[in-house]
Amino acid sequence: MFPISIASHGLPNSPLLPLLIKLQVRFNSNSKSRWLDRQWSDPYTREAKINNFRSRAAFKLTEIDDKFHIFNKSKIQRVLDLGFAPGAWSQVARERTSKESMILGVDILPCDPPHGVSAIQANILSKKTQMLIRLYFTRHFKLNRIDKLHKNHGYLYEMWEEELLHSKDTETYKEIFSSISPNSSSEDEYKKMEKFPIDLIISDMYAPWPQSLIHNTNKFTNDAYYRMANTSGLTVRDHQHSIDLCDAALVTALDLLRPKGSFVCKLFTGVEDKLFEKRVKMVFKKTIRFKPKSSRNESKEVYIIGMDKKEDIDKVEVFTT
Ligand SMILES: C[S@@+](CC[C@H](N)C(=O)[O-])C[C@H]1O[C@@H](n2cnc3c(N)ncnc32)[C@H](O)[C@@H]1O
């Protein structure tokens, strides 16, 4: 086999690589070679490499934003990126929001977040994760503080949780709020913001293969191939996992997204997708189903976009459908 080193996000670096990969495929027809060959022949993957995006998924989010304007550079946005690894959506969010905007990525696998993005490794299906997300957006974590933590510890893991739960830091969200919205610092408005501290939730989760969770090291999980976050190919399984994760994202939106906030959620279609869409419709005034051009034709993924979260939502009604 040729000694090809794969860049940390699975995309080859050298100009000779297309040729080397073809040769490698001839010598070694294992699944990794086939995977690399498919990656290299994909125009979006090449474009991602040129634009320094960590994966081709970036283009799906840029298409969504170009059409539905979910990002706003002239405002401070608090963005939650669910299933952020390897980080392409977070990169797009960072690029398309103002400098002061906060972006938090959550992923069950370890992954160094892109510059200017904070991250926690946590399972979105756990209630504790919701609490950590709320704490991040409502407590004392200005971006510079987070950056300092990144520098010292590389990644925020459990240590971040410790820091967050036991910190005596007195800097509160109230102070952050009044510094970023000096004209609207009334107590009432602050309370509303504290209750629902997120402006936009983007969710691109797909259940990782069990192997990824066993090889739980950065070496494996930063490499797109070893991360094994591809679909299983078994439609029923993909769909079922997807519905569970989408529901978790929707619950997060119910609990943490501010009224009028927006929601983007990848879903693998199947028997229950209409029901999920119905649940999204109960939470948002406008719901759109969208398949970006950059989504592979053979993929069963579709994006459900909820715009303008309703003010008063009857949670019981939502969960009994
Ligand atoms: C398709 S990838 C996301 C790609 C990402 N949006 C990007 O642009 O780079 C799906 C991610 O969802 C994560 N994920 C799956 N189940 C999860 C869970 N229960 N909690 C948190 N993250 C999860 C996986 O680990 C995987 O990294």
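We count ligands from 1, going down the list as the structure has it; atoms in each ligand are counted the same way. Hydrogens, waters and symmetry mates play no part in the numbers below; they use all other heavy atoms, side chains included.
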Q: Take atom NZ of K73 as the centre, draw a 6.0 Å sphere, and report whether it contains more than 12 heavy atoms from other residues, nucleotides or ligands.
A: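 Enclosed: over 12 neighbouring heavy atoms sit under 6.0 Å from NZ of K73.
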Q: Quick one: do the S295 and E301 side chains pair a donor with an acceptor below 3.5 Å?
A: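 Short answer, yes.
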Q: Do F268 and V271 land in one hydrophobic cluster if side-chain heavy atoms of ILVMFWY residues count as linked below 4.5 Å?
A: no
Q: Checking the N or O distance criterion of under 3.5 Å, is ligand 1 in contact with D81?
A: no
Q: When you measure from the heavy atoms of K266 to every atom of ligand 1, does any distance fall below 4.0 Å?
A: yes
Q: Check ligand 1 against N123 and write out every atom of the ligand that is under 4.0 Å from a heavy-atom position of the residue.
A: 18 (C), 19 (N), 20 (N)
Q: P86 heavy atoms, cut-off 4.0 Å: which ligand 1 atoms fall inside?
A: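 That gives atoms 9 (O) of ligand 1.
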Q: Which of the atoms in ligand 1, numbered in the order shown and given with their element, are less than 4.0 Å from a heavy-atom of I124?
A: 18 (C), 19 (N), 20 (N), 21 (C)
Q: Counting only heavy atoms from other residues, nucleotides and ligands, does the tally under 6.0 Å from NZ of K300 exceed 12?
A: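 No - once you tally the heavy atoms of other residues, nucleotides and ligands closer than 6.0 Å, there are 12 at most.
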Q: What are the atoms of ligand 1, with element, lying closer than 4.0 Å to any heavy atom of G87?
A: 7 (C), 9 (O)
Q: Does K274 have more than 12 heavy atoms from other residues, nucleotides or ligands lying within 6.0 Å of its NZ?
A: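 Open.
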Q: Hey, which atoms in ligand 1 end up nearer than 4.0 Å to a heavy atom of L109?
A: 25 (O)
Q: If you draw the axis of the six-membered ring of F68, does the NZ or CZ of K286 fall within 45° of it and under 6.0 Å from the ring centre?
A: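 Checked: cation-pi criterion not met.
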Q: Between W89, F84, F59, which one has a non-hydrogen atom sitting closest to atom 5 (C) of ligand 1?
A: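 Considering heavy atoms of W89, F84, F59, the nearest to atom 5 (C) of ligand 1 sits in F84.
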Q: Please verify whether a non-hydrogen atom of A122 lies at under 4.0 Å from ligand 1.
A: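 Per 4.0 Å heavy-atom rule, A122 contacts ligand 1.
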Q: Nearest non-hydrogen contact with atom 4 (C) of ligand 1 belongs to which option: A57, A88, S55, A85?
A: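 Going through A57, A88, S55, A85 one by one, A85 has the nearest heavy atom to atom 4 (C) of ligand 1.
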Q: Parallel, tilted or perpendicular: which describes the rings of Y44 and F59, with under 30° parallel and over 60° perpendicular?
A: tilted
